[in-house]
Amino acid sequence: MPRIKDYTIGIQHIKAPSSEISIGTKLFFAISNQIIITTAEQKFTLQEGDILILDRHTPYTIQGDANHSIIDCTISDSFFAYYFEDYFSYSFKFFSKENAPGRERIVASLQKAITELLVASIAEKSASKLDAQSALFQIMQLLTRFFKTAKPSSLRKETGDKRISRIIREIEERFFEPLSLQEFAQKEFLSEAYLSRYFKKTTGVGFLHYLTEIRLKNALQNLLYSTESITDIALKNGFSSQKHFSESFKAHFQITPSHYRAKHHSEKKLFEQPSEHLITEQIVQIKPTADILSHLSNFYQEIEPARELHAAPFERKTIELANKTTYKLSKNVHILTIGKLNEVLKENVQTEILAGRDEVGINYIGIRHLFNGTTFLPDMETDELVPTSSPYANADLALTFLKQQNLNLFIRLEYQDISENEEAVFEKLDHFLRHSVQVFGREFVSKWHFMFFNPKYTSAEKSELKRLYKKLYQLIKSLLPAIQIGNFVPFSLSKNAVPMRHTWFLDVPEQIDFVAYNANQNEAVDFSKEDAASFLLSEDYCLSKTLKLKAFLKKHHINKPLMLVNWNTLTGNTRYTNGTFFRGALVLKTMLDLNKEVQALGFWINTELHEEDGSKLNINLDGLELFHFFNGKRPAFYAAKFIQRLKGTVLAKGDDYILTCYADGYQLILFNCATINPRYSVEEEFLKTERKEIHMQIKGMIAGEYQVCKWQFDRDNGALYSKYWQLNSKHGLDKEILDYIVDASQPTLTVSDEVISDDWSFYAYLDLNAIHFYEFRRTI
């Protein structure tokens with residue numbers, strides 16, 4: 001007598017309504033036209049591509065219209081529970097039509113796995129059984145990772161042993177014998193009363209109920225596909241009598257066995273004989289035609305190659321928009337440091353400056369070493385009455401470009417540069433400002449900022465620093481009072497103090513227009529240690545330092561705008577970790593946290609200029625570059641771009657999301673910040689633990705039709721280094737390859753049309769430090 005198969009799969013065509021019981025977890029995958037499946041609770045209408053998952057022990061009726069076809073797959077309880085010990089603690093119920101947006105890739109993966117299992121099961125190839133086993137386990141993985149729902153705790157089992165799985169497998173193998181609860185209790189060395197309670201608590205149904213369903217499931221096949229008498233069918237399937245069989249049958253299907261046979265006997269289905277292998281297989285015919293297989297091949301092609309879907313911590317978030325206090329995001333000044341002024345004359349630098357202005361909102365171009373290098377040409381002796389050459393020729397070209405692009409200067413004047421030849425520097429500065437006003441006008445030059453800088457460790461005396469700053473302040477303000485002049489303060493978070501030599505600015509607060517500072521998360525970490533706790537302590541470092549500096553200034557009665565001119569998130573201390581450790585969400589969260597706290601944020605233009613600027617180190621960690629070599633956009637570029645894109649008013653903000661409302665709809669950013677040792681960024685197994693899945697519910701949106709645009713930014717969708725390493729070669733990369741890397745390294749955009757109610761939800765699967773940006777645009 002055959003036992004329940006470990007799995008069954010086949011293509012069905014239903015000519016008349018048929019009643020069944022799902023013994024095991026059942027999956028229906030509609031291939032064509034319309035199929036209707038009805039359970040006690042709900043009616044499901046499946047059309048092409050739809051998937052329905054029914055939980056175990058679910059009676060249902062199935063019917064279809066003309067020319068329909070559907071894949072019917074069942075995984076037995078005992079087989080599933082053998083590989084997933086918590087099987088009976090969960091329900092598996094799902095209908096793809098009712099699936100909240102955001103799980104399309106997961107559903108597509110399930111479609112693909114079911115298709116692969118079907119094709120492998122009918123293939124006559126030596127490797128087909130291995131292919132079938134692989135597809136079957138992929139289905140089970142997807143079900144347990146994404147489609148399970150925990151039962152109420154009162155119904156969940158107490159232990160994780162395989163006892164119930166063992167009992168069920170024996171029931172499935174011997175259901176036609178006169179089995180009893182007492183027999184199994186003795187085998188398991190348990191009392192009948194305890195086993196009865198334990199079995200029901202674990203499976204959700206009683207021992208006798210389960211046994212009866214197994215017997216009825218097999219009796220159904222005999223009723224439909226044999227001419228045996230009702231009595232013979234009852235006895236061969238373990239029922240004690242025809243009366244017992246008829247009563248049980250009617251209780252489950254609301255019809256007697258004889259009436260059921262009369263109604264459905266014309267339906268003919270063929271079954272293969274069982275195999276004795278671990279995974280036995282049974283093909284339910286209609287035999288797949290070439291047209292059907294060709295149609296199913298679409299489900300292979302529609303899934304793009306991507307990183308495997310892994311189980312991730314699941315979070316539910318609800319945003320209620322009613323009676324929310326709204327506010328507008330501040331528009332921070334963004335400073336893009338390029339080094340010397342003459343860098344503006346380079347074509348690639350101009351390209352990056354314009355991209356930063358248009359997409360990131362760059363307002364100011366940061367300049368260092370104003371009077372060094374070739375920015376200013378040497379004065380030439382000439383016999384001309386009016387010289388035709390000018391020391392400002394290069395500077396004028398650079399300033400013309402900046403003025404035309406509506407960009408202003410943020411000039412860093414360093415104590416060391418000034419002190420080497422104080423009188424000459426002040427004379428040059430005076431002439432340069434007068435010349436700039438004459439050529440470009442007061443309105444343009446008056447918007448410039450000057451920052452007086454001296455490094456943390458200095459030999460200069462406090463009084464000398466104060467004297468030089470006051471002289472600088474007086475010179476600039478006497479020419480253009482509107483120019484802003486500030487001081488760089490090397491504030492220490494750990495000491496909550498400023499080095500004594502740098503405290504001079506506290507004596508002249510009226511001559512300080514702004515306070516500039518650095519905040520580098522790498523400062524808080526000892527990369528030589530593997531201690532995870534030290535990395536957690538560095539979390540929110542930039543915000544903590546900013547708030548502490550504010551408190552320090554307030555204590556000294558100074559209330560000036562803050563400018564974070566150099567900052568960074570965790571990067572690791574090598575070029576490799578600086579590239580492979582994706583940190584888009586860390587940059588974005590820091591910018592959001594600092595939005596109300598600072599007036600300006602600084603960035604470097606690119607890796608090349610950053611690392612060569614006065615540093616002999618292998619890598620410079622004190623700032624964020626927007627670009628890598630060859631104009632490749634780094635994570636900071638897209639993180640800043642997303643914030644620049646935010647419009648309207650903020651309706652809700654949490655640790656890992658922000659929601660805004662604007663004239664055409666809503667915008668939502670979700671992000672998954674993880675402060676970890678960047679060395680672990682190359683360990684795939686570790687990174688799996690940092691992913692998460694969110695079920696986001698938004699209540700109170702204006703109901704209607706929306707176009708939903710979603711940008712996904714993570715290491716597989718937009719990260720420059722990921723694409724670079726995919727195409728890397730020890731023989732070098734030519735321009736064509738580099739251009740492809742730059743073009744391909746951008747966030748992935750998907751667009752969908754959604755009818756959104758005032759209570760709407762969707763799923764999001766976020767990788768380590770990923771950013772998902774949603775734009776909900778109302779249609780007219």
What's the spacing between [X] [atom1] and [Y] [atom2] if we round to 0.5 Å?
X	Y	atom1	atom2	result
His449	Asn363	NE2	CG	10.0 Å
Ile476	Trp448	CD1	CH2	10.5 Å
Leu345	Leu397	CG	CG	6.0 Å
Leu601	Leu624	CG	CG	9.5 Å
Lys477	Leu472	NZ	CG	11.0 Å
Leu329	Ile658	CG	CD1	4.5 Å

Original post:
Within 45 degrees of the axis of the six-membered ring of Phe713 and under 6.0 Å from its centre: does Lys641 put its NZ or CZ there?
Top reply: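 Not flagged: Lys641 not positioned over aromatic ring of Phe713.
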**OP:** Using the ring of Phe453 (Phe, Tyr or Trp, six-membered ring only), decide whether Arg412 places NZ or CZ under 6.0 Å from its centre and within 45 degrees of its axis.
**Re:**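 Yes - Arg412 lies over the ring of Phe453, closer than 6.0 Å to its centre and within 45° of its axis.
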Subject >> Of all pairs that satisfy side-chain hydrogen bond (donor to acceptor under 3.5 Å, both in side chains), the ones with a partner from residues 399-409, not counting sequence neighbours >> reply: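 side-chain hydrogen bond (donor to acceptor under 3.5 Å, both in side chains) check on residues 399-409 returns Arg357-Gln405.
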Indicate whether any N or O donor in one side chain lies under 3.5 Å from an N or O acceptor in the other, for [X] and [Y].
X	Y	value
Glu352	Asn606	yes
Ser544	Asp540	no
Gln712	Asp714	yes

Are the side chain of [X] and the backbone of [Y] linked by a donor-acceptor contact shorter than 3.5 Å?
X	Y	value
Lys560	Pro509	yes
Thr503	Met500	yes
Asn672	Glu690	yes
Thr458	Ala460	yes
Lys545	Phe491	yes
Tyr541	Leu493	no
Asn769	Ala674	yes
Lys340	His369	no
Asn496	Phe552	no
Lys447	Ile483	no

Using side-chain heavy atoms (C-beta onward) and a distance below 4.5 Å, is [X] in contact with [Y]?
X	Y	value
Tyr721	His628	yes
Thr649	Thr660	no
Val515	Pro561	no
Asn717	Pro747	no
Trp711	Ile771	no
Leu766	Ile694	yes
Arg583	Arg634	yes
Phe773	Lys710	no

Only counting residues at least two apart or in another chain, list the ones meeting side-chain contact (heavy atoms from CB on, under 4.5 Å) with [X].
X	answer
Thr337	Ile335, Arg368, Trp604
Lys647	Tyr662, Gln667, Glu775
Arg467	Glu422, Glu464, Lys471

**OP:** Would you sort out whether Leu651 and Tyr666 count as a side-chain contact (heavy atoms from CB on, under 4.5 Å), showing the intermediate values?
**Re:** CA-CA 9 Å; Leu651 298 182; Tyr666 303 89; 4.0 Å; yes
Original post:
Taking the six-membered ring for Trp, are Phe432 and Phe371 parallel (under 30°), tilted (30 to 60°) or perpendicular (over 60°)?
Top reply: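 Because their plane-to-plane angle is over 60°, the rings of Phe432 and Phe371 count as perpendicular.
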**OP:** Measure the acute angle between the ring planes of Phe642 and Tyr638, then classify it against the limits of 30° and 60° as parallel, tilted or perpendicular.
**Re:**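 Phe642 and Tyr638: tilted rings.
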Original post:
What do the steps show when you test Asn595 against Asp593 for side-chain contact (heavy atoms from CB on, under 4.5 Å), and what is the final call?
Top reply: CA-CA 6 Å; Asn595 179 257; Asp593 288 344; over 6 Å; no
**OP:** Check step by step if salt bridge (Lys or Arg N to Asp or Glu O under 4.0 Å) holds for Asp656 and Lys317.
**Re:** CA-CA 10 Å; Asp656 51 9; Lys317 294 186 181 294; 3.3 Å; yes
Where do [X] and [Y] come nearest, in terms of heavy atoms and distance?
X	Y	value
Ser745	Ala719	OG-O, 4.0 Å
Asn522	Thr569	ND2-O, 3.0 Å
Cys673	Ala585	SG-O, 3.3 Å
Tyr469	Ile485	OH-O, 3.3 Å
Ile605	Ile353	CD1-CG1, 4.0 Å
Asp507	Lys462	OD2-CE, 3.8 Å

**OP:** Check each of Asn566, Asn487, Leu562 against Tyr517 using the side-chain contact (heavy atoms from CB on, under 4.5 Å) test, and report the only one that passes.
**Re:**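 Testing Tyr517 for a side-chain contact (heavy atoms from CB on, under 4.5 Å) against Asn566, Asn487, Leu562 leaves exactly one candidate, Leu562.
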Subject >> The single option from Lys692, Arg715, His772 passing side-chain contact (heavy atoms from CB on, under 4.5 Å) against Asp767 >> reply: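 Exactly one option meets the side-chain contact (heavy atoms from CB on, under 4.5 Å) with Asp767, and it is Arg715.
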Original post:
Taking only residues two or more places apart in sequence, or in another chain, which ones meet Phe603 in a ring-ring contact (aromatic ring centres under 6.0 Å, His included)?
Top reply: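 Partners of Phe603 by the ring-ring contact (aromatic ring centres under 6.0 Å, His included) criterion, ordered by chain and then number, come out as His334, Trp567.
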Original post:
Taking only residues two or more places apart in sequence or in another chain, which ones pass ring-ring contact (aromatic ring centres under 6.0 Å, His included) with Phe627?
Top reply: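 In terms of ring-ring contact (aromatic ring centres under 6.0 Å, His included), with neighbours along the sequence ignored, Phe627 is linked to Phe637.
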Original post:
Do Asp743 and Lys633 sit within salt-bridge range, that is, some charged N less than 4.0 Å from a carboxylate O?
Top reply: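 No.
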Original post:
Does CD belonging to Glu315 count more than 12 external heavy atoms closer than 6.0 Å?
Top reply: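 More than 12 within 6.0 Å, yes.
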Original post:
His556 and Leu506: side-chain contact (heavy atoms from CB on, under 4.5 Å), yes or no, with the steps?
Top reply: CA-CA 7 Å; His556 291 86; Leu506 299 175; 3.7 Å; yes
Subject >> Residues Leu413, Met451; criterion side-chain contact (heavy atoms from CB on, under 4.5 Å); working and verdict >> reply: CA-CA 6 Å; Leu413 295 176; Met451 178 184 73; over 6 Å; no
